[in-house]
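Report on the following structure.
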There are 2 protein chains.
Amino acid sequence: MASSGFRHDVFEAIADPTRRKILHLLAEREMSIAAITECFSLSRTAVNKHLQFLSDAGLVISQKAGRETRYQLQPEPLVELKLWLAFFEHYWDEKLSALKKFIESDQND
Amino acid sequence: MASSGFRHDVFEAIADPTRRKILHLLAEREMSIAAITECFSLSRTAVNKHLQFLSDAGLVISQKAGRETRYQLQPEPLVELKLWLAFFEHYWDEKLSALKKFIESDQND
DNA sequence: AACTTATGACACCTTCTGGTGTCATATTAA
DNA sequence: TTAATATGACACCAGAAGGTGTCATAAGTT
């Protein structure tokens, strides 16, 4: 599956608002660590740690380009989140359909 | 919107596997703290803390029933997660990635 | 009344998080 | 060559997370 060998999973990765913002930035375009850091009022070290965390979760990949390290979004692990949510959507559907049936039968009477 | 006044948000709440399991349990049926605790090899105190955390995030509500405190799932805050994911699904759509196909085939099953 | 059950409220402990700063090194620019 | 840039690798720190246990109390049971 997607979560083998990683110290951190997707659920932990997206728990932090800074990391969520980084993912949004990387969705737009690939960026260097310095460029990402400029979007926050945080030290480069802090941003780097978040990038390591995201990399651990498989949500980003890094690639050296000269003296820069460019980061890129890797959205695949979000599927796990999607599937997890799907379970509860199913739960909602059941509750809603029960309500819908009740309303419909009420209208039919 | 949904996240005003809460110390913890949905993203933090679902970051822990124990809390995710609790949500799954409560999706099936409303349960007392003791009943939930029996499903884990954890102390009641630990489980209670997780329930407080989930309550803080608005994902569960408690209700006294005699000497028991029964907990119930409150799935509405998960909508925030759904919307967040939707952003990346849109991104995937634009990129026409293979991931989109995977998700769609999963939904069709 | 005496006992058991279900919780709430604490105090305490260890590890992880999220942040800082400094120093060394590789790469590009002057 | 020298200077500036971009990053990696540490050490360090305060506070939160996730766990434990104990004690007090409210609510059923016998």
Side-chain angles (χ1 to χ4, degrees), chain A residues 3 5-26 29-74 77, chain B residues 3 5-26 29-73 77 81:
Chain A
S3 58
F6 296 117
R7 266 197 307 263
H8 298 116
D9 60 26
V10 190
F11 296 94
E12 291 174 294
I14 67 162
D16 184 86
T18 300
R19 285 194 291 269
R20 289 200 298 277
K21 189 176 173 187
I22 290 177
L23 292 178
H24 265 79
L25 289 170
L26 294 181
R29 66 192 179 289
E30 146 179 338
M31 292 173 77
S32 72
I33 299 179
I36 296 171
T37 303
E38 282 179 5
C39 302
F40 297 91
S41 41
L42 289 176
S43 68
R44 196 233 338 146
T45 311
V47 172
N48 211 7
K49 279 192 184 180
H50 284 302
L51 286 169
Q52 293 291 340
F53 202 117
L54 289 169
S55 181
D56 256 12
L59 279 165
V60 300
I61 51 172
S62 63
Q63 182 182 357
K64 297 278 302 188
R67 64 182 161 184
E68 289 188 341
T69 298
R70 312 198 66 90
Y71 275 87
Q72 207 174 337
L73 180 64
Q74 205 75 11
Chain B
S3 59
F6 296 118
R7 266 197 307 264
H8 298 116
D9 61 25
V10 191
F11 296 95
E12 291 175 293
I14 66 163
D16 184 86
T18 300
R19 285 194 291 269
R20 290 200 296 276
K21 188 176 173 186
I22 289 176
L23 292 179
H24 265 78
L25 289 170
L26 294 181
R29 66 193 179 288
E30 146 179 339
M31 293 173 77
S32 72
I33 299 178
I36 296 171
T37 302
E38 281 179 6
C39 302
F40 298 90
S41 42
L42 288 176
S43 67
R44 190 216 5 126
T45 310
V47 172
N48 211 7
K49 280 191 184 179
H50 284 302
L51 286 169
Q52 293 291 340
F53 202 118
L54 289 169
S55 181
D56 256 12
L59 280 164
V60 300
I61 51 171
S62 63
Q63 183 183 357
K64 298 277 302 188
R67 63 182 161 182
E68 289 187 342
T69 297
R70 312 198 65 91
Y71 274 87
Q72 207 174 336
L73 180 66
L81 187 62

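Quick caveat: nothing in here was measured; it's all calculated off a predicted structure.
- Using a 4.0 Å heavy-atom distance criterion, R19(B) is classed as a sugar-phosphate-only contact.
- Checked against dT7(C), dT22(D), dT7(D), the side chain of S32(A) finds its nearest nucleotide in dT7(D).
- Two residues, A35(B) and S41(A), neighbour DNA chain C, and the one matched to the more 5' nucleotide by heavy-atom proximity is A35(B).
- Rounded to a whole Å, the CE atom of M31(A) is 14 Å from the C1' atom of dA6(D).
- Between the side chain of T18(B) and the base of dG18(D), no donor-acceptor pair of N or O atoms lies under 3.5 Å.
- Heavy-atom minimum distance, V10(A) versus A57(A): N-CB, 4.4 Å.
- Among the nucleotides dT20(D), dA6(C), dC23(C), the one closest to any side-chain atom of A34(B) is dA6(C).
- Of the possible polar contacts, one joining the R20(A) side chain to the I14(A) backbone as a donor-acceptor pair under 3.5 Å is found.
- One finds no side-chain N or O of N48(A) lying less than 4.0 angstrom from the OP1 or OP2 phosphate oxygen of dT7(D).
- The backbone N or O of C39(A) lies less than 3.5 Å from a partner atom in the side chain of K21(A), making a donor-acceptor pair.
- For the pair I33(B) CD1 and dG8(C) P, the interatomic distance rounds to 4 Å; values are reported in whole Å.
- Rounded to whole angstrom, the span from the CD1 atom of I14(B) across to the P atom of dG18(D) amounts to 13 Å.
- Map E12(A) and S43(A) each onto its nearest nucleotide of DNA chain C; the residue landing nearer the 5' end is E12(A).
- Following rounding to the nearest Å, L42(A) (CG) and dT20(C) (P) show an atom-to-atom distance of 5 Å.
- Spacing between atom CZ of R67(B) and atom C1' of dG28(D) amounts to 4 Å, rounded to whole angstrom units.
- Not one side-chain nitrogen or oxygen of H8(A) sits closer than 4.0 Å to the OP1 or OP2 atom of dC16(C).
- With E12(A) contributing its side chain and D9(A) its backbone, the two residues share a donor-acceptor pair below 3.5 Å.
- Within 4.0 Å (heavy atoms only), T69(B) reaches sugar-phosphate atoms of the nucleic acid but no base atom.
- What you find for T69(A) and S62(A) is that their closest heavy atoms are CG2-CB, 3.8 Å.
- In this structure, the CZ atom of R44(B) is 12 Å from the P atom of dT20(D), given to the nearest Å.
- Proximity of H50(A) to the phosphate of dT17(C): no side-chain N or O atom is located under 4.0 Å from OP1 or OP2.
- If you measure from atom CD of E68(B) to atom P of dT25(D), you get 22 Å, rounded to the nearest angstrom.
- Base contact: A46(A) has a heavy atom under 4.0 Å from a base atom.
- Taking atom CZ of residue F53(B) and atom P of nucleotide dG18(D), one finds them 6 Å apart after rounding to whole Å.
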